[in-house]
Amino acid sequence: MSTLARLVGEPQEFTAGWPVEPTVYQRDATDLAELFTHDDARRIVTDPALRPIGMGMVTSGTALTSAPDADHPRDTLVLNGLHLSWPPLRDAARLLSAELGHPVTANVYRTPADATGYGPHWDTHHVFLAQVDGMKVWRLHPPVFTDPLERHPWTRVGLTQEQLDQIHRVARTVTLTAGQVLYIPRGWIHFGHTEDQQSIHITLGVQLLTRHWVLQQLADQAAEHPEMRAALPPNLSALHVEDIVGDTTSTLQAWLAGLDPAQAGGPIHISQQLAVYGVTR
């Protein structure tokens, strides 16, 4: 079954363009539970052969040193990297990556009743939150930093106290129950808590390829062309920065003008990179 259809119902409508605001999709709880259940969490915690690349306990957003526990009455179990180690999520993530043309990761969070998750934060990727058990309340606020890259995590960019006060004051509320999927575009601030039920949700993260990524690939390819490897003049300290940038920009423009996008070669072939993520012609 198409992973995207499992999450949003209408893949063609979704792939027409990324939704710009958080969206809730009503799906089938039994179908989502085929990807992960509470019993699966218990198995992973107790079986060393199933251990994910990251596993731990969190309370109110703070990592703990206590042993992983899938039934802890107060703390949240975090299972990271299940797209590498748990077969149902590995297969689902690979298929979703092929459908969207971007890499996909999978984490799972089991939170007990009456518990608080991470505080207000944003992700540098789009996420699908698939509620497979119980209920969780999410609060959402529009971005304060547009389209963050991996170099722009909320922990580095930060939020001012004024922004935090506003976020808590005006954030919209969404309550997810089993069988619902919440799509959150990157940069949207979100934070959640449980009430009288536990919560288990899968986070499928779409690790976005961007125009910046294309530029990085082109920069690597430029290293294979002599005109782009030419040294700057020896009297560099006497030159104005705008002259140096202007000369480099002119050379770059000339190189790009002669570059066939369909045949872009070099040590990193863009079309080959895209094929890894399911983007084919």
Side-chain angles (χ1 to χ4, degrees), residues 3 7 29-94 96 103-125 127-139 150 153-156 158-159 175-182 184 189-207:
T3 301
L7 298 174
T30 302
D31 184 50
L32 292 179
E34 291 181 0
L35 298 176
F36 202 87
T37 66
H38 197 169
D39 285 340
D40 294 336
R42 294 185 179 109
R43 287 181 58 196
I44 289 172
V45 165
T46 57
D47 187 345
L50 297 174
R51 293 292 171 89
I53 59 173
M55 179 168 62
M57 302 299 292
V58 172
T59 185
S60 299
T62 301
L64 305 173
T65 57
S66 52
D69 183 351
D71 295 282
H72 200 283
R74 296 180 306 278
D75 304 332
T76 294
L77 171 68
V78 179
L79 302 171
N80 288 331
L82 292 181
H83 59 288
L84 299 174
S85 60
W86 184 247
L89 287 177
R90 180 190 62 210
D91 295 342
R94 287 178 178 174
L96 185 59
V104 173
T105 57
N107 303 331
V108 166
Y109 301 83
R110 184 269 168 180
T111 304
D114 300 313
T116 300
Y118 293 100
H121 66 283
W122 66 72
D123 293 316
T124 60
H125 47 270
V127 295
F128 295 93
L129 305 183
Q131 191 75 25
V132 296
D133 188 30
M135 179 184 74
K136 194 162 191 176
V137 179
W138 291 95
R139 302 198 69 200
E150 288 189 17
W154 70 275
T155 50
R156 186 173 76 82
L159 293 165
T175 300
L176 285 189
T177 56
Q180 291 184 310
V181 176
L182 172 61
I184 305 178
I189 296 165
H190 54 283
F191 50 111
H193 69 273
T194 54
E195 294 182 339
D196 59 349
Q197 300 180 41
Q198 74 159 3
S199 165
I200 297 179
H201 79 267
I202 303 164
T203 294
L204 291 165
V206 185
Q207 311 297 320

The test is side chain to side chain contact (heavy atoms under 4.5 Å, CB included); show your working for L129 and I184 and say whether it passes. CA-CA 8 Å; L129 305 183; I184 305 178; 3.8 Å; yes
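R110 contributes a side-chain N or O that, together with a main-chain N or O of H72, makes up a donor-acceptor pair within less than 3.5 Å. Without hydrogens or angle criteria, H83 side chain to T105 main chain gives no donor-acceptor distance under 3.5 Å. Between the side chain of T3 and the backbone N or O of A92 there is at least one donor-acceptor pair closer than 3.5 Å. With hydrogens and angles disregarded, a donor-acceptor distance shorter than 3.5 Å links the side chain of T194 to the backbone of A115. At least one donor-acceptor pair under 3.5 Å links the side chain of T46 to the backbone N or O of R42. A donor-acceptor pair under 3.5 Å is absent between the side-chain atoms of E34 and the main chain of F36, judged by distance alone.
Using a 4.5 Å heavy-atom threshold, the side chains of V108 and D40 count as separate. Counting heavy atoms from C-beta outward, P112 and P73 have side chains that stay 4.5 Å or more apart. Counting heavy atoms from C-beta on, the side chains of F128 and V206 come closer than 4.5 Å. The shortest distance between side-chain heavy atoms of D133 and S199 does not fall below 4.5 Å. Side-chain contact between M57 and L77 is present, with heavy atoms from C-beta onward closer than 4.5 Å. At a threshold of 4.5 Å between non-hydrogen side-chain atoms, the residues L7 and L96 count as touching.
Closest approach of W138 and H201 over heavy atoms only: CZ2-CE1, 3.7 Å. Between S85 and P52, the shortest heavy-atom contact is OG-CA, 3.5 Å. Taking every heavy atom of both residues into account, L204 and A106 meet most closely at CD2-CB, 3.6 Å. Scanning both residues, H125 and G205, for their nearest heavy atoms gives CD2-CA, 3.7 Å. Across every non-hydrogen atom of D69 and D71, the tightest pair is OD1-N, 2.8 Å. Annotation for T37 and I200: closest pair C-CD1, 4.4 Å, computed over non-hydrogen atoms.
Interatomic distance, I44 CD1 to M55 CE, rounded to the nearest 0.5 Å: 8.5 Å. Considering CD of Q198 and NZ of K136, their distance stands at 11.5 Å, rounded to 0.5 Å. The CG atom of N107 lies 10.5 Å from the CD1 atom of I202; values are rounded to the nearest 0.5 Å. Rounded to the nearest 0.5 angstrom, Q197 CD and T177 OG1 are separated by 8.5 Å. Expressed to the nearest 0.5 Å, how far CD of E195 lies from OG1 of T175 amounts to 6.5 Å. Here Q131 contributes atom CD and L32 contributes atom CG; the two are 9.5 Å apart, rounded to the nearest 0.5 Å.
Ring planes of W154 and H121: tilted class, angle from 30 to 60°. Relative ring orientation between Y118 and Y109 is described as perpendicular, the plane-to-plane angle rising above 60° on a 0-90° scale split at 30° and 60°.
Within a 6.0 Å radius of CZ in R43, no more than 12 heavy atoms belonging to other residues, nucleotides or ligands are found.
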